[in-house]
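Okay, so here's the structure we're looking at.
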Amino acid sequence: MKLVINGDEHEVDAPVGASLAAVLRERLGLTGTKIACNEGHCGACTVMIDGVPVLSCITLAHSVEGEVTTIEGLRDHPLVDAFVRADAVQCGFCTPGQVVSAAALVAARPTPTEEEIRHAMAGNICRCGTYPKIEEAILHWRD
Amino acid sequence: MARLIRTEKEVEGRFEEVWLVVEEDPLEQWPAGPGEVVGRPAVRKDALERVRGEARYTADIRLPGMLHAALLRSPYAHARVRRIDLAPALALPGVRAAIGPGEAPGLDAEAGYAGAPVAAVAAETDAQARAALEAVDVEWEKLDAVLDPEEAVERGILHGEPERYERGDFDRAVAEADVVVESTYRTQVVLHNSMETHQSVCEWIGDRLDIHTSTQYVWGVRAEVARELGIAADRVRVVCEYMGGGFGSKNSAGEYTFAAAELARRTGRPVRCALTRREEHVAAGNRNATLQRLTVAARSDGTITALGGDFINALGWGGWSAATEGPLKMLYACENVRTTRSTAKINTPPMKAFRAPGFVEGTFGLECLIDELAARLDVDPLELRRMNYASSNDGTPFSSKNLAQCYERARKHWDRRHAVRARSDATWKRGVGMASQIWYGGGGPPSYAWTRVGSDGRITVVTAMQDIGTGTRTAMAQIAAEELGVPLDRVEVTLGDTARGPYATLSAGSSTTPSIGPAVRAAAADAKRQILEIAAQRYDLEERILDIRNGTIVSADGNLSVGLAEFLELLGSAQILGKGARGPNPTGMSVLTFGVHVVEAAVDVETGEVRVERVAAVHDVGRIVNPLGAESQVEGGIIQGIGHTLSEQRLMDEETGRVLTTSLDAYRMPTIADVPEIVCEFVDEPDAHLTNLGSKGLGEPPIVPIAAAIANAIRDATGADVHELPVSREEMLRALREAEKKERRGAPAAV
């Protein structure tokens with residue numbers, strides 16, 4: 001199959017049924033996308049397809065039609081610096097997924113309210129409880 | 001000078017007498033308050049790579065030729081493998097090796113819980129390994145399983161003998177008291193649910209075993225693996241630079257490590273063994289359930305005269321029995337105390353330490369009981385706590401205790417309660433509750449650190465500790481920068497590799513900063529002394545008038561001001577090396593942490609829904625190294641505690657002992673939408689008796705009082721006593737009905 005990831009086209013050989021997350025991590029070495037539950041409950045594996053956040057661990061790689069953006073494609077996004085400054089990272093395992101979800105949010109709503117942030121980010125679990133700082137990072141992402 | 005001492009060592013509230021080699025700690029503490037770097041907010045040294053997804057966790061390790069292992073687990077709560085045939089699994093595509101009971105530590109023929117590992121398979125892919133598990137042919141002999149902790153206690157199926165403690169004359173004090181309150185509390189099993197599941201990658205290189213593992217204690221894993229495999233400890237290298245959460249569940253090697261090591265040995269290839277989320281919910285440890293039958297007796301003036309507790313720790317097949325009675329013994333001045341703790345051995349998954357084990361559970365019971373007493377006496381709950389303040393730990397002085405100051409600072413939050421209650425309406429009742437926190441967190445020796453100063457004036461701190469997400473890497477850099485007089489951006493920290501640094505203690509028990517921080521400071525001071533010695537020679541000045549400030553060597557007489565990098569250029573590629581050790585804890589003193597939480601909660605009396613609206617936390621943990629990171633720790637502990645209090649519960653089928661809540665939609669942890677307003681304050685006063693730093697640990701304290709503070713806010717709002725965690729809607733409605741009945745009988749339901 002062919003996948004467009006972070007602007008680059010990749011020819012990938014993967015068994016039918018492989019998840020997008022597995023292809024990103026195991027075939028392409030893009031390990032910034034984390035797998036924490038592998039069944040679509042925690043948000044750690046969030047990537048964007050044509051700007052829409054999706055759970056890559058329950059997305060079949062062969063069904064992907066649009067352009068995929070992973071955390072590797074967002075490394076220079078202002079949200080990265082906002083997360084760093086706000087201390088919106090503890091163990092950091094969920095953080096790439098948080099950043100991807102936040103990037104999709106601010107692309108659609110550049111000045112999200114607290115309510116909008118809580119609504120858009122509620123699917124990304126952080127066991128360390130970094131949420132207040134994540135909210136702060138997103139509120140001030142352009143400062 | 002090195003000294004050999006016999007001392008009590010504390011980890012997670014467990015004490016043991018040990019011989020320790022310690023070094024003197026001759027450095028004076030810095031004055032209280034912020035320094036140049038320590039005490040000022042610092043962005044994490046490793047934030048960028050974690051946020052950008054560049055940090056390489058154990059889950060990201062991919063070694064050439066690596067195989068994937070999966071564990072076969074018992075479907076029965078108690079069973080024995082009578083016969084096992086691995087051949088059908090070995091015949092499947094991609095399968096390279098399989099091992100059964102007795103072939104690796106942790107794989108036992110007797111399975112003590114549903115989910116206990118008995119065999120393992122390694123294959124080219126994870127899917128092949130898991131498919132091969134299905135093919136293993138096992139003949140099970142089912143054994144008698146005990147799943148009810150009270151039944152286990154009745155039948156004497158225990159881990160060890162019951163622990164008994166008594167001081168004073170409990171019975172007499174109860175008989176003579178004006179008021180006696182007895183209540184029973186239950187806490188549930190909760191799961192750590194680290195985002196990175198338990199996992200290891202093992203590779204043999206000659207006779208050396210390299211282990212990449214998601215752990216809180218690289219040295220502990222090294223020692224355990226060397227001991228179990230009968231190889232020299234220096235033939236085992238354990239690496240964990242980035243770690244995706246542990247919360248107490250990753251303090252030891254685990255069967256996944258041993259299975260990977262054995263399968264790697266048999267195949268001559270690296271082997272990865274990673275638990276799935278569903279396995280994580282079954283076999284990665286848990287906070288055990290407790291049953292607490294508590295008694296408090298008091299005089300009508302509010303003086304507590306007796307405290308008693310019968311505790312059952314429902315431990316499961318393994319783990320250790322945490323001191324659930326600890327808060328009851330230590331939090332209040334009380335001459336007559338009697339406790340018994342029985343530890344039920346039941347056929348459920350093993351307990352592992354979980355963020356202040358025992359004290360989270362015990363504080364829920366005790367601090368709810370104190371509020372029930374306050375209601376009975378018609379005394380303000382804050383005043384009742386202040387009246388019964390403990391000025392010593394049953395005669396042993398505290399190294400420092402500023403709980404009174406915490407109460408004082410909490411008062412402005414407590415005073416909001418009239419306004420909060422007034423915001424109640426017909427369905428949503430609002431109230432305010434408080435609870436106190438006591439816990440360990442002093443750390444201890446031994447731990448060591450090195451510093452390496454380059455000719456560019458940059459410093460590397462080298463110590464084989466862990467940063468499990470708490471920000472300890474940053475704290476260590478701040479301490480070294482402060483001591484050496486350089487800006488924080490000139491300091492890096494190398495950690496997480498037993499082959500690349502000296503011994504440092506485990507990252508558990510709120511001990512990393514108080515244990516390793518003083519060693520880092522000593523190592524920085526050693527390097528600084530050497531730099532000033534050679535500067536004195538180079539510029540022909542007296543060493544005692546030299547200092548380093550903001551990266552510049554200066555003399556007190558104002559004649560010298562030379563940049564560190566400029567001066568050290570003479571080193572070329574050589575380096576200045578410093579070394580430091582953690583000194584001893586103060587003898588004859590109790591080193592403890594303290595705090596208070598004040599919670600504002602709302603209860604929907606029609607549906608039983610509980611919302612936490614505001615939490616104010618005031619903690620006394622000695623000197624704060626990084627106020628920004630410390631605030632994050634407090635917020636995280638509170639949020640995790642809100643989950644424990646309101647929504648999290650591992651459910652088990654009472655017939656079969658199988659865990660039912662195996663996924664993250666069944667086991668409900670807090671999301672960003674559940675977070676209340678959090679106000680975080682620190683007393684920030686160095687413990688004058690504790691090390692050259694005066695800092696205690698902060699990882700655990702914030703999760704200790706939150707459940708009781710929420711329960712007490714619920715009582716304030718509704719008059720209902722909740723006695724069981726989690727406070728599900730069902731439990732809330734039950735408590736409301738109970739309160740109504742009480743009111744009809746004419747007893748006062750609320751304060």
Side-chain angles (χ1 to χ4, degrees), chain A residues 15 17-18 22 25-26 29-44 70-72 74-76 79-100 117-135 137, chain B residues 41 43-44 46-57 59-60 62 125-127 192-197 242-247 276-278 280 467-471 626 628-629 631-633 635-643 663-666 669-675 677-678:
Chain A
R25 290 176 54 82
E26 308 301 334
L30 295 170
T31 55
T33 299
K34 304 300 180 200
I35 295 176
C37 75
N38 213 15
E39 51 188 340
H41 294 148
C42 78
T70 69
I71 185 67
E72 286 85 356
L74 296 169
R75 282 184 174 162
D76 298 321
L79 271 165
V80 168
D81 187 47
F83 268 63
V84 169
R85 278 184 286 118
D87 205 39
V89 54
Q90 290 189 35
C91 86
F93 204 77
C94 73
T95 314
Q98 304 273 4
V99 173
V100 175
I117 292 169
R118 286 172 170 234
H119 184 75
M121 301 297 294
N124 287 79
I125 290 175
C126 170
R127 187 49 159 170
C128 301
T130 319
Y131 301 128
K133 303 292 194 241
I134 291 173
E135 194 172 289
Chain B
V43 160
R44 282 169 205 244
D46 52 5
L48 191 66
E49 62 260 35
R50 290 192 197 245
V51 175
R52 285 161 54 122
E54 293 160 338
R56 189 151 295 173
Y57 296 80
D60 303 321
R62 296 288 177 276
T125 70
D126 189 53
H192 304 75
N193 256 318
S194 314
M195 295 308 283
E196 182 182 37
T197 62
Y242 299 98
M243 200 269 209
F247 313 108
T276 63
R277 179 60 47 191
R278 291 186 176 228
E280 191 80 7
D467 186 336
I468 63 171
T470 54
N626 182 1
L628 179 61
E631 191 179 89
S632 292
Q633 278 292 292
E635 290 167 352
I638 286 170
I639 291 164
Q640 206 170 64
I642 290 172
S663 72
L664 286 178
D665 67 342
M669 304 195 291
T671 72
I672 196 169
D674 302 307
V675 176
E677 179 190 354
I678 297 175

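Chain identifiers are assigned alphabetically (A, B, ...) following the order of the sequence lines, protein sequences preceding nucleic acid strands; residue numbering begins at 1 within each chain.
When each of Ser194(B), Ser632(B), Gly245(B) is scored by its heavy-atom pairs under 4.5 Å with chain A, the top score falls to Ser632(B). Across Gly129(A), Cys91(A), Gly32(A), the residue that shares the most heavy-atom pairs under 4.5 angstrom with chain B is Cys91(A). Among Glu135(A), Met121(A), Arg85(A), Arg25(A), the residue making the largest number of heavy-atom pairs under 4.5 Å with chain B is Arg25(A). If you tally non-hydrogen atom pairs under 4.5 Å between each of Asp60(B), Thr276(B), Val43(B) and chain A, the highest count goes to Asp60(B). By number of non-hydrogen pairs under 4.5 angstrom with chain B, the leading residue of Glu39(A), Arg118(A), Arg75(A) is Arg75(A). In terms of non-hydrogen atom pairs under 4.5 Å with chain A, the most contact-rich of Glu631(B), Arg278(B), Glu280(B) is Arg278(B). Looking only at heavy-atom pairs under 4.5 Å with chain A, the residue among Ile678(B), Leu48(B), Ile672(B) that has the most is Ile672(B).
In this structure, the portion of Glu26(A) lying under 4.5 Å from any heavy atom of chain B is its side chain and not its backbone. Of the atoms belonging to Ile639(B), it is side-chain heavy atoms, and not backbone ones, that fall under 4.5 Å from chain A. With a 4.5 Å cut-off on non-hydrogen atoms, Phe247(B) touches chain A through its side chain but not through its backbone. For Thr470(B), no part sits under 4.5 Å from any heavy atom of chain A, backbone or side chain. When heavy atoms are compared at a cutoff of 4.5 Å, Ser663(B) approaches chain A by way of both its backbone and its side chain. Looking at Ala59(B), both its backbone and its side chain come within 4.5 Å of chain A, counting heavy atoms on both sides. In this structure, chain B has heavy atoms under 4.5 Å from both the backbone and the side chain of Val84(A). For Met195(B), the parts lying near chain A are the backbone and the side chain together; criterion is any non-hydrogen pair under 4.5 Å. Residue contact with chain A, scored on non-hydrogen atoms closer than 4.5 Å, involves the backbone of Ile468(B) exclusively.
Taking both residues in full, the closest heavy atoms of Val89(A) and Ala47(B) are given as CG1-CB, 3.8 Å, listed atom of the first, atom of the second, then distance. The nearest pair of heavy atoms linking Val675(B) to Pro132(A) is CG1-CG, 4.0 Å. Heavy atoms only, all atoms of each residue included: Arg127(A) and His192(B) are closest at NE-O, 2.8 Å. Looking at every heavy atom in both residues, Ala86(A) comes nearest to Leu628(B) through O-CD1, 4.4 Å. Taking both residues in full, the closest heavy atoms of Phe93(A) and Tyr57(B) are given as N-OH, 3.5 Å, listed atom of the first, atom of the second, then distance.
By the salt bridge (Lys or Arg N to Asp or Glu O under 4.0 Å) test, Asp87(A) pairs with Arg44(B), sequence neighbours left out. Taking the side chain to side chain donor-acceptor pair (under 3.5 Å) definition, one finds that Gln90(A) meets it with Gln633(B), sequence neighbours left out.
Here the SG-CZ distance, from Cys94(A) to Arg50(B), works out to 11.0 Å after rounding to the nearest 0.5 Å. Expressed to the nearest 0.5 Å, how far CZ of Arg52(B) lies from CG of Asp81(A) amounts to 10.5 Å.
Side-chain contact between His41(A) and Asp665(B): present, with at least one pair of heavy atoms (C-beta onward) separated by less than 4.5 Å.
Between Lys133(A) and Glu635(B) there is a salt bridge, with a side-chain nitrogen of the basic residue lying less than 4.0 Å from a carboxylate oxygen of the acidic one. Salt bridge annotation for Lys34(A)-Glu196(B): absent, with no cationic side-chain nitrogen under 4.0 angstrom from a carboxylate oxygen.
Heavy-atom neighbours of Arg56(B) CZ from other residues, nucleotides or ligands within 6.0 Å: at or below the threshold of 12.
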